[in-house]
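The chains referred to below are lettered A, B, ... by the order of the sequence lines, with proteins before strands, and numbering in each begins at 1.
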Amino acid sequence: MRIPATIFPGSISQNWKQWIKESTLQGQWQEVLSLYYEIRRIGIPILDPSLFPSVLKCCTNLNNFKYGTSVHSCIIKHGFESFSSVGNSTMDFYIKSGFMNYGLTVFNLMENKDSVTWNVVIHGCFDKKSSSKYEGLKFFKQAKAEGFKPNISTLVLILQALRDFSDTNLGFCFHGFLIRSGFLDVVSVQNSLMSLYVEYGEMVCAKMLFDEMSDRDCITWSAMIGGFVKAGDGYFSLQLFREMFGVEEVEPDELTVVSIFKACSQEKDIDIGKLVHCYAVKRGFNVDVYVGNSLVDMYSKCSHANLAFEVFKEMPERNIVSWNSILSGLVHNELYAKALTLFGSMQKEGVEADEVTLVNLLQSCKHLVDIGKCKSIHSRVIRMGFEFNELVVNSLIDAYAKCDLVELGQKLFNGMERRDMVSWSTMITAFSNAGKTDEALNLFREMVLVKEKFNSVTILSLLEVCAVSAELKRCKWAHGLAIRSGFASEVAVATALLDMYSKCGEIDLSRRVFDKTPNRNVVSWSAMIGAYGMNGRARDALDLFSEMEIYGLKPNAVTILCLLSACSHGGLVEEGKSLFNRLISSDHGFEPNSAHYSCMVDMLGRAGIIESAMDTIKKMPQRFKDGASIWGALLSACRNSSNSKVAEGAISKVLELEPMGSAGYLLGSSMYAANGLWKEAANMRRLVKEKGVKVVSGYSLIHVDSKACRFVARDGYHEKAQQIYSMVEELHGCMRMKEGRNDLFN
DNA sequence: TTAGGGTTAG
């Protein structure tokens, strides 16, 4: 290091001080420190404190904590610590080096605190890494009392920090302070306040602030658009975006289009998405990794997996979020095996997986119902040290449950150090899906007992559990709980409620829930139509559908399936047929799928019109002819009408298309038995055993006190089985006697 | 001392 020639002997020249200041501003920190080192080495006396702020700043930026402390001791030795500029810099150095406590010691010892002092300490408290945000608020209050004038950056930081507090009142109070102090005219403060309201979910306040603003910049618009996207109102954010285009002074940037892509995926509006994609390319935004990631996500969520992959391939820069986005996109589009393959490429490129990657992989395994792959990901989870990560473990529990390994899921759940709302909900759903209703309910009770909060998803699981157990008392309890917790007014919950009651046979209660549901959607209507169908009230189902059409609501595939099923079970063959024909020919845009055709075949079969059923199969599109359910429906029709000729063909079709499903064998066996073909019937049952086909048997539920007892035909698992069977015998005897007596009278 | 809005997941 060469010392500038213009140095006065014995002291530091003015030029030299200037050089230090400028070099610090230019980021030549090492050079400044070397010069300071020379000054100290030669022993040039330091007569004023003006060089210390620069030197300390260099130490901070170079992470040279040790040297900084020696500078601090030099400051003390010279008696310069009483200068507020030096004290402020020392404090800043300690705080930025991660030693908040040392910074606070300097702060407490300072005699001359100025506005900068307060700003520095408050900044320190609100640093992203800092954990003393609450302290920061206290300092702010104290500073205000001492007449301190905050600067814009401090105010912005406070507004950011307030997001971490759940107390919305703090935000409202601060808003008041900003008005009183006249700072609310500054755009960056307004933007930060608006974002705070967005974070609180107070969209009305955010929008009011937005409307009142006279100068809106790109950030204002983006924050507002992003806010509505976050609140789930993609439609309105797209409207705002159109409005923004009309304002000449502002132009959307990378951050704006990211929010717009998210809005498009929410609204499934691929047309606007493509348009904005073109705009982004024209403006050169597509090189931004955030923009690329959002595009991948948008195309995936709009079911355009190919386009998502194209964008992903063309991205100039990819990060872990890019990989996770495409993986989740593939999962979203049911391309599970492809997701697993792509993970292989990700590894080849040396990109390290994170928790989100693991969750995506587990999702794939779950849908593939592949126990081996689940276990292999599980071992990877352990190797990567994610064994105690709630997000990952929750997904593992879910995946194992879907693979029928509820016990393994339960083991993981029990071993969790920390469980969150999702852990509990996942486990409850797992029990529910496995038919373990008592376990599910007990777990929910435990969840309440340990004071874990629950959300509408938990309530949905709970309602499903109650629906499966079909016990009215339980259902009413769950309904009460849904009301008390404030979730009953949500459409999804209300729909689950009506479904639950219908499964208990309490169709009038279902209707009462339906009538009270606000913002009913196509799912609610379909559920109610389905409920009528399930309870044999086909006429009511058809009437409700007419009402739905009057409301102008478009039925979806499920609505129509529910209607056809209602007609099928209610024996309204003509009505079902005419409805089906009307929907195909009208401008509903309805294209029947294989389930609809199966339902039609089932309906005609139940009515004993096997020829028409066969005709339907002949006429339907070729691609549906290989669906096992179609032939299954025909087969059950044959069984009911003992049409063995058609049955033979149907049996072989079902067994060919679904060799591991139990339906074909069981229907076949019972049909042969009904026709006295005992050998063939036995053969069917032998095949079931030989092939290891899993038989799902029907069961009855009896509630004794608060316990549900499950009975499968001829099982002896109940502890009082013997007594039960002897009672059944006795009852049979009574019935025989009654029959006999009837005979006598007839 | 120095500031405001963005992407993936159960």
Practice task
State which of dT7(B), dG4(B), dA9(B) makes the closest approach to the side chain of Val359(A).
Solution key: dA9(B)
Practice task
Strictly below 4.0 Å, heavy-atom distances to any atom of DNA chain B: list the hits from residues 305-321 of chain A, or just say none.
Solution key: Val321(A)
For residues 421-428 of chain A, run the donor-acceptor check on the side chains, cut-off 3.5 Å, and write out each pair with its distance to 0.1 Å, sequence neighbours left out.
{"from": "Ser423(A)", "atom 1": "OG", "to": "Asn394(A)", "atom 2": "OD1", "distance (Å)": "2.8"}
{"from": "Ser423(A)", "atom 1": "OG", "to": "Asp420(A)", "atom 2": "N", "distance (Å)": "2.9"}
{"from": "Ser423(A)", "atom 1": "OG", "to": "Asp420(A)", "atom 2": "O", "distance (Å)": "3.3"}
{"from": "Ser423(A)", "atom 1": "OG", "to": "Asp420(A)", "atom 2": "OD1", "distance (Å)": "2.7"}
{"from": "Ser425(A)", "atom 1": "OG", "to": "Met421(A)", "atom 2": "O", "distance (Å)": "3.0"}
{"from": "Ser425(A)", "atom 1": "OG", "to": "Thr458(A)", "atom 2": "OG1", "distance (Å)": "2.9"}
{"from": "Thr426(A)", "atom 1": "OG1", "to": "Val422(A)", "atom 2": "O", "distance (Å)": "2.6"}

Exercise for the section: Quick one: label Asn88(A) by what it contacts on the DNA or RNA (base, sugar-phosphate, nothing), any heavy atom closer than 4.0 Å. Expected result: nothing
Problem - Phe312(A)/Trp323(A) aromatic ring centres below 6.0 Å - result: yes
Handout entry: dG5(B) phosphate, OP1 or OP2, under 4.0 Å from Lys230(A) side-chain N/O
Key = no
Handout entry: Atom pair distance, as rounded to whole Å: CG in Leu342(A) and C1' in dT8(B)
Key = 14 Å
Practice task
Send over the distance from Ile95(A) CD1 to dT2(B) P, rounded to a whole Å.
Solution key: 12 Å
Practice task
May I ask you to check if Lys373(A) and Tyr336(A) form a cation-pi contact, with NZ or CZ under 6.0 angstrom from the six-membered ring centre and within 45° of the axis?
Solution key: no
Handout entry: Rounded interatomic separation in angstrom, taking CG from Leu255(A) and C1' from dG5(B)
Key = 6 Å
Completion exercise
In whole angstroms, the gap separating P of dG6(B) from CH2 of Trp221(A) amounts to 17 Å
Exercise for the section: Under 4.0 Å between any heavy atoms, over every strand shown, what does Lys301(A) touch: base, sugar-phosphate, or nothing? Just pick one. Expected result: sugar-phosphate
Handout entry: Parallel, tilted or perpendicular: ring planes of Phe454(A) versus Phe487(A), cut at 30 and 60 degrees
Key = tilted
Practice task
Please check if atom CZ in Arg383(A) has more than 12 non-hydrogen atoms from other residues, nucleotides or ligands closer than 6.0 Å.
Solution key: yes
Handout entry: Closest to the Asn151(A) side chain, choosing from dG6(B), dA9(B), dT1(B)
Key = dT1(B)
Fill in the blank from the handout: Closest to the side chain of Asp253(A), out of dT1(B), dA3(B), dG5(B), is dG5(B)
Exercise for the section: Can you sort out which residues in residues 414-429 of chain A have a heavy atom within less than 4.0 Å of DNA chain B? Ascending by number, please. Expected result: Asp420(A), Val422(A)
Exercise for the section: Return no unless some side-chain N or O of Lys262(A) is found under 4.0 Å from OP1 or OP2 of dT7(B). Expected result: yes
Exercise for the section: Return the value, rounded to whole Å, for the distance between atom CG of Leu358(A) and atom C1' of dT8(B). Expected result: 13 Å
Practice task
Establish, yes or no, whether a centroid distance under 6.0 Å links the rings of Tyr200(A) and Phe165(A).
Solution key: no
Handout entry: Ring centers of Phe140(A), Phe174(A) separated by less than 6.0 Å
Key = yes
Donor-acceptor pairs under 3.5 angstrom involving side-chain atoms of residues 281-291 of chain A: please list them, not counting sequence neighbours.
{"from": "Arg283(A)", "atom 1": "NH1", "to": "Pro252(A)", "atom 2": "O", "distance (Å)": "3.0"}
{"from": "Arg283(A)", "atom 1": "NH1", "to": "Tyr279(A)", "atom 2": "OH", "distance (Å)": "2.6"}
{"from": "Arg283(A)", "atom 1": "NH2", "to": "Glu251(A)", "atom 2": "OE1", "distance (Å)": "3.4"}
{"from": "Asp288(A)", "atom 1": "OD1", "to": "Tyr290(A)", "atom 2": "N", "distance (Å)": "2.7"}
{"from": "Asp288(A)", "atom 1": "OD1", "to": "Val291(A)", "atom 2": "N", "distance (Å)": "3.2"}

Exercise for the section: Evaluate whether atom NZ of Lys149(A) has more than 12 neighbouring non-hydrogen atoms of other residues, nucleotides or ligands under 6.0 angstrom away. Expected result: no
Practice task
Using a cut-off of strictly less than 4.0 Å between a heavy atom of the residue and any atom of DNA chain B, enumerate the qualifying residues of residues 322-333 of chain A by number.
Solution key: Asn324(A), Ser325(A), Ser328(A)
Exercise for the section: Determine the sole option in Tyr94(A), Phe93(A), Tyr102(A), Phe99(A) for which the ring-ring contact (aromatic ring centres under 6.0 Å, His included) test with His72(A) is passed. Expected result: Tyr94(A)
Practice task
Look at the aromatic rings of Phe80(A) and Phe83(A) and report parallel, tilted or perpendicular, splitting at 30° and 60°.
Solution key: perpendicular
Exercise for the section: Report the distance from atom CG of Asn433(A) to atom P of dG10(B), rounded to the nearest whole Å. Expected result: 16 Å
Problem - Interatomic distance, Asp185(A) CG vs dG4(B) P [rounded to whole Å] - result: 20 Å
Exercise for the section: Scan residues 187-209 of chain A against DNA chain B and write down, sorted by residue number, each residue with any heavy atom closer than 4.0 Å; if none is found, say none. Expected result: Val187(A), Ser188(A), Asn191(A), Ser192(A), Ser195(A)
Exercise for the section: Compute the centroid of each ring, for Phe210(A) and then for Phe228(A), and state whether the two points are separated by less than 6.0 Å. Expected result: no
Fill in the blank from the handout: Testing dG4(B), dG10(B), dG6(B) for proximity to the side chain of Ser395(A), the answer is dG10(B)
